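What you see is a predicted model; the values in this text were computed from it and never measured.
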Amino acid sequence: MAKNLIIVESPAKSKTIKKFLGSNYTVVASNGHVRDLPKSQMGIDFENDFEPKYITIRGKGELLASLRKEVKKADKIYLATDPDREGEAISWHLFHSLKLDPKKTKRITFNEITKNAVRQAIKESRGIDMDLVDAQQARRVLDRVVGYSISPVLWQKVKRGLSAGRVQSVALRIIADREAEIDAFIPSEYWTLEASFQVKGSKKPLVAKYYGNPAKQENISAEEMDGIVKALKDKKYKVTDIKKGERTKKPPLPFTTSTLQQECSKNLNFSTKKTMQVAQQLYEGVAVKGRGTIGLITYLRTDSIRISEEADRECKQFIRENYGEENINAFSQAKATDKKIQDAHEAIRPTYVDLTPAMLKESLSRDQFRLYQLVWKRFVASRMSGAKYETTSVKIDAGEYRFTSAGSKIVFPGFLSVYQTEEDKADNNAVLHKISTETVFSDAELNKEQHFTQPPPHYTEASLVKALEELGIGRPSTYAPTITTLISRRYVVKEQKNLYLSELGDIVNQIMIRAFPSIVNVNFTAMMETLLDGVEEGSVEWKSIIRNFYPDLEKAVSDAELALEKIKIEDEVTDTICENCGANMVIKYGPHGKFLACPAFPDCRNTKPYFEKIGVKCNKCGGEIVIKKTQKGRRYYGCENYPDCDVMTWQRPSDELCPKCGNMLLEKGNKLVCADASCGYNTDKKTEKQEK
C-alpha cells in the first residue's frame, strides 16, 4: 500500500487531520517556518539582485532530520500548510530544506479542516504557486530592508532596542496624528432643550427635543437658549404632524479578519493578538465530546465575504428548520470592493453550522466559546432576512417653536433573533402611539442642558484596525502583529481600550517624519501594498519593487545619519541626593522613559521616579508643575506636592492664568484654553516674536 506523508505547520492541525485519513497517511508538523533570514545581519545579497540569504532557523535541525526520515518512507508528499502567502512560503521552504522530489511532492490547501475539505484538497493537489511565494518574499525582504536600515539610525540617535517598520511606522504616525488633533482641539459650548409632556393613560412622559424656530437650530448659545425658554413660557403645545413609516435593516456581512478583530475588541474586550490566537485554536481543531478533535471555524486570515455554495445551502436549511422559511434571506449578499480579495478565501464562518454554541459549551474554554458564539451567530444572521421596524415621528409646535420626537418598534425581527448589537435595538417610544394630531398639551416640563463639543476619540485597537483597512495599509495577517509591536516597544500605551502615544513613541515618530517621510506617508504605503498584491496576482515581478525602492531608502538613511541631531539622553546629573550613598543621582532612560538612578551602580542600585519641571507654578498651592507618567507610561502634568495637592491635567499648562476665572490655561495647538471648560475662555498663544 502506498505511503503518503502530509506536512502541516502545527501539531494541533496534524491531530485534527489524522482522524480523517486512513492508515496509509502519516501527518507530521513543521512547527511553522523552517527557514528564514538571519537575525544577526541584513541577510540580503545586494550585489546579487537582492537575493535573500535564507538559513535554517536555530533549533529546527532535529525537526528537519526527523522530517527527512519520514520523507524517505513516503511515496507521495503533500505540503498542507495554511492557504495564504505565508503558508505557500512555508511549503516552498520545506520543499528546499527537505530536498523534495518535484515528481513526488504536491501542494494541497483547504479553507476549513473538515473530512470533505481535506479529501477534496488531496484530489485537487497542485504544484507550489510561485506568485504567492514571491509575494511573501517581496514583503519579507522589503520589511527586512526597511527595519534593518532604519533601526540602527534610531539606536544611534535615541537608544538601542528600538525598531522601525514599513507598516508599524505608518500605524504609529496615524496614532500620533490623532493625538495631535485631540491636543489641539478646543471645545465649544452649546445647549440643548428637552420638553416632557404628560400623556393621558401613560405613566411615562412623552419626551421631545427642541428642533428650531421653526427651521433647525444648531450650536445654540447660553444666551439664545435663555431667550427660547423665556419665549416658551405659558405657550400651548400642539401636535401638528405624525408620520408613520417602515424601515428595514439589512443582515450583517459574515466576518473578515478585520471585522472579527473589531467586534471581539468591542464585545469581548479581546486584543487583536488574543483574537487571532483563540481563532487559530478553533481553526486548527478542538477536542469535542463525542466528535473527537475537529476544526470549528474556517481560515481566519481573510478579507473576503464570500461563502461557498455548500455552506450557504446548509446554513439556509438550518434556518428553515429552526427559525422558519420566512427568516431566510432570499438574496446572497455581496459587497463592492476595489481591493484584492486575499487568496479568494471564504469569510470566517463555522465549519459545521449545526454545531450550535450551546452544544459546544462544555468542550470549549471560556474564550473559545465566546469567540465561536460570535462567529456562529454572525454567520447565521448573515443568511437571514432583514429586520423590519415600524417608525413614528412627531412634530410638536409651540407657536413658531418646534419640538420633535421619534421612536421605532420591531415588527419582524429577522436576523435579530440570532445576532443583535447595541445599534440594532429599537427605540420603542410606546407613548407616541397614544397621541394624535388633535392632542394639545397645556404645559411642558423644560430641561435645558449644557454640552461641549468633543475631540475625535483616541484610537482603540478596533478603530485602528478599521483605519488601517480603510487606508489600504497592511493586510489581514499584519494588523495584530503591527499593534502588538507598537505596544511591546512601548511606542504606544494601552489604557483600558484606548491607545496613547508615549514619550518614546513621539520621539521615534518625529525622527521618522523628518528623516524618512516616504516610509511614514500613508498614500505611499498604500501604493506599496497594491504593488505587493500585484506580485501575488502575477502582474508584477517581485524584485522590481525592491530595485525601485532601495536606492531612495539608502540615500535617506545616509542623509539621516549625517543630518539628524542626536537626542541627548546621556546621564544628566541632578541635585537629588541618593539617600543610600550620598551621590548626586543621574537621569537614565528606561523602557517607560526617564528615571533617577544612582551613578554608583552596581554597588548602589537605588532608583527613583524622575519628575521634570516645566517652569510653571501650581495655581492651587504654588508648587512646581512636573511631568509625570501613569503606571503604563502615559504622560500627564501634575503638582509636585501630590497627594496634598491634586492638580492634574493631560495638556501642558501655561504660566499664564485665565483672566476670566483665575484657573490654569492649557496649551492646545496654537491656543491657550481655560482648564475649566464651562468658563470657555481661549486666546492665541504668544509666539517668541510677539513676546519680544
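- Y210 and Q217 share a donor-acceptor pair across their side chains, judged by distance under 3.5 Å alone.
- Neither side chain, T257 nor Q261, offers a donor N or O lying under 3.5 Å from an acceptor on the other.
- For K628, the NZ atom sits in a packed shell: over 12 heavy atoms of surrounding residues, nucleotides or ligands are nearer than 6.0 Å.
- Taking 4.0 Å as the cut-off between side-chain N and carboxylate O, K620 and D646 count as a salt-bridged pair.
- Between L666 and Y637, the closest side-chain pair of non-hydrogen atoms is not below 4.5 Å.
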Trace of the side-chain contact (heavy atoms from CB on, under 4.5 Å) decision for L464 with T482: CA-CA 10 Å; L464 182 59; T482 297; over 6 Å; no
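- The main-chain N or O of T453 is never found under 3.5 Å from a side-chain atom of S188 such that the two would form a donor-acceptor pair.
- At least one donor-acceptor pair closer than 3.5 Å links the side chain of S502 to the backbone N or O of R490.
- The backbone N or O of K244 sits nowhere less than 3.5 Å from a side-chain atom of T391 that would complete a donor-acceptor pair.
- For K238, the NZ atom sits in a packed shell: over 12 heavy atoms of surrounding residues, nucleotides or ligands are nearer than 6.0 Å.
- Summarising the geometry, atom OH belonging to Y642 is positioned 10.0 Å from atom CG belonging to D644; distances are rounded to the nearest 0.5 Å.
- Annotation: the span from T351 atom OG1 to E314 atom CD amounts to 10.0 Å, rounded to 0.5 Å.
- The two residues L232 and A398 come nearest to each other via the heavy atoms CD2-CB, 3.8 Å.
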Full working for side-chain contact (heavy atoms from CB on, under 4.5 Å) between T275 and Y479: CA-CA 11 Å; T275 298; Y479 302 137; over 6 Å; no
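- Between the side chains of Q277 and Q281, no donor-acceptor pair of N or O atoms lies under 3.5 Å.
- A cation-pi contact, defined as under 6.0 Å to the ring centre and within 45° of the axis, links K361 to F369.
- Within the 4.5 Å cutoff, the side chain of H433 has heavy atoms near those of the T392 side chain.
- When all heavy atoms of M225 and T192 are compared, the closest pair comes out as CE-C, 3.8 Å.
- The distance from atom CG of N663 to atom SG of C679, rounded to the nearest 0.5 Å, is 7.5 Å.
- Within 6.0 Å of atom CD in E445, 12 or fewer heavy atoms from other residues, nucleotides or ligands are found, so the atom counts as exposed in its surroundings.
- Atom NZ of K497 sits in a crowded spot, with more than 12 heavy atoms from other residues, nucleotides or ligands closer than 6.0 Å.
- At least one donor-acceptor pair under 3.5 Å links the side chain of E346 to the backbone N or O of S308.
- Between Y190 and H451, the angle of the ring planes stays under 30°, which puts this pair in the parallel group of the 30/60° scheme.
- Shortest non-hydrogen contact noted between C315 and R383 is SG-CG, 3.4 Å.
- Interatomic distance, OG1 of T404 versus NZ of K395, reported as 9.0 Å (0.5 Å rounding).
- Using a 4.0 Å cut-off between charged side-chain N and carboxylate O, E469 and K466 make no salt bridge.
- In this structure, T272 OG1 and I483 CD1 are separated by 4.0 Å, a value rounded to the nearest 0.5 Å.
- Using a 4.0 Å cut-off between charged side-chain N and carboxylate O, D226 and K230 make no salt bridge.
- A distance of 9.0 Å separates CD1 of I319 from CG of N322, quoted to the nearest 0.5 Å.
- Residues P252 and R378 have side chains in contact (heavy-atom distance under 4.5 Å, counting atoms from C-beta outward).
- Residues D397 and R402 are paired through a salt bridge, judged by an N-O separation under 4.0 Å between the basic side chain and the carboxylate.
- Residues V418 and Y323 form a side-chain contact, since some pair of their non-hydrogen atoms from C-beta on lies under 4.5 Å apart.
- Side-chain contact check for P205 versus V199: every heavy-atom pair is 4.5 Å or farther apart.
- A distance-only check finds a donor-acceptor pair linking the side chain of S385 to the backbone of I328 [under 3.5 Å].
- Between C661 and Y681, the closest side-chain pair of non-hydrogen atoms is not below 4.5 Å.
- Formation of a donor-acceptor pair under 3.5 Å by the T298 side chain with backbone atoms of R349 is found in this model.
- A donor-acceptor pair under 3.5 Å is formed between the side chain of T485 and the backbone N or O of P481.
- Test F255, F318, Y352 against W376 for ring-ring contact (aromatic ring centres under 6.0 Å, His included) and you get one pass: F318.
- Within the 4.5 Å cutoff, side-chain heavy atoms of L193 are placed close to those of F403.
- Nearest heavy-atom pair, I182 versus K668, reported as atom, atom and distance to 0.1 Å: O-NZ, 3.8 Å.
- Between T302 and N111 the shortest side-chain heavy-atom distance does not fall below 4.5 Å.
- Looking at T478, its side chain does come within 3.5 Å of a backbone N or O of R475 through a donor-acceptor pair.
- Nearest heavy atom pair, residue F197 against residue D443, reads CD2-O, 3.7 Å.
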Stepwise salt bridge (Lys or Arg N to Asp or Glu O under 4.0 Å) test for E461 and K494: CA-CA 9 Å; E461 290 196 31; K494 185 178 175 184; 2.9 Å; yes
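- Between the side chains of Q317 and R320, at least one donor-acceptor pair of N or O atoms lies under 3.5 Å.
- Shortest non-hydrogen contact noted between M359 and D354 is SD-O, 3.3 Å.
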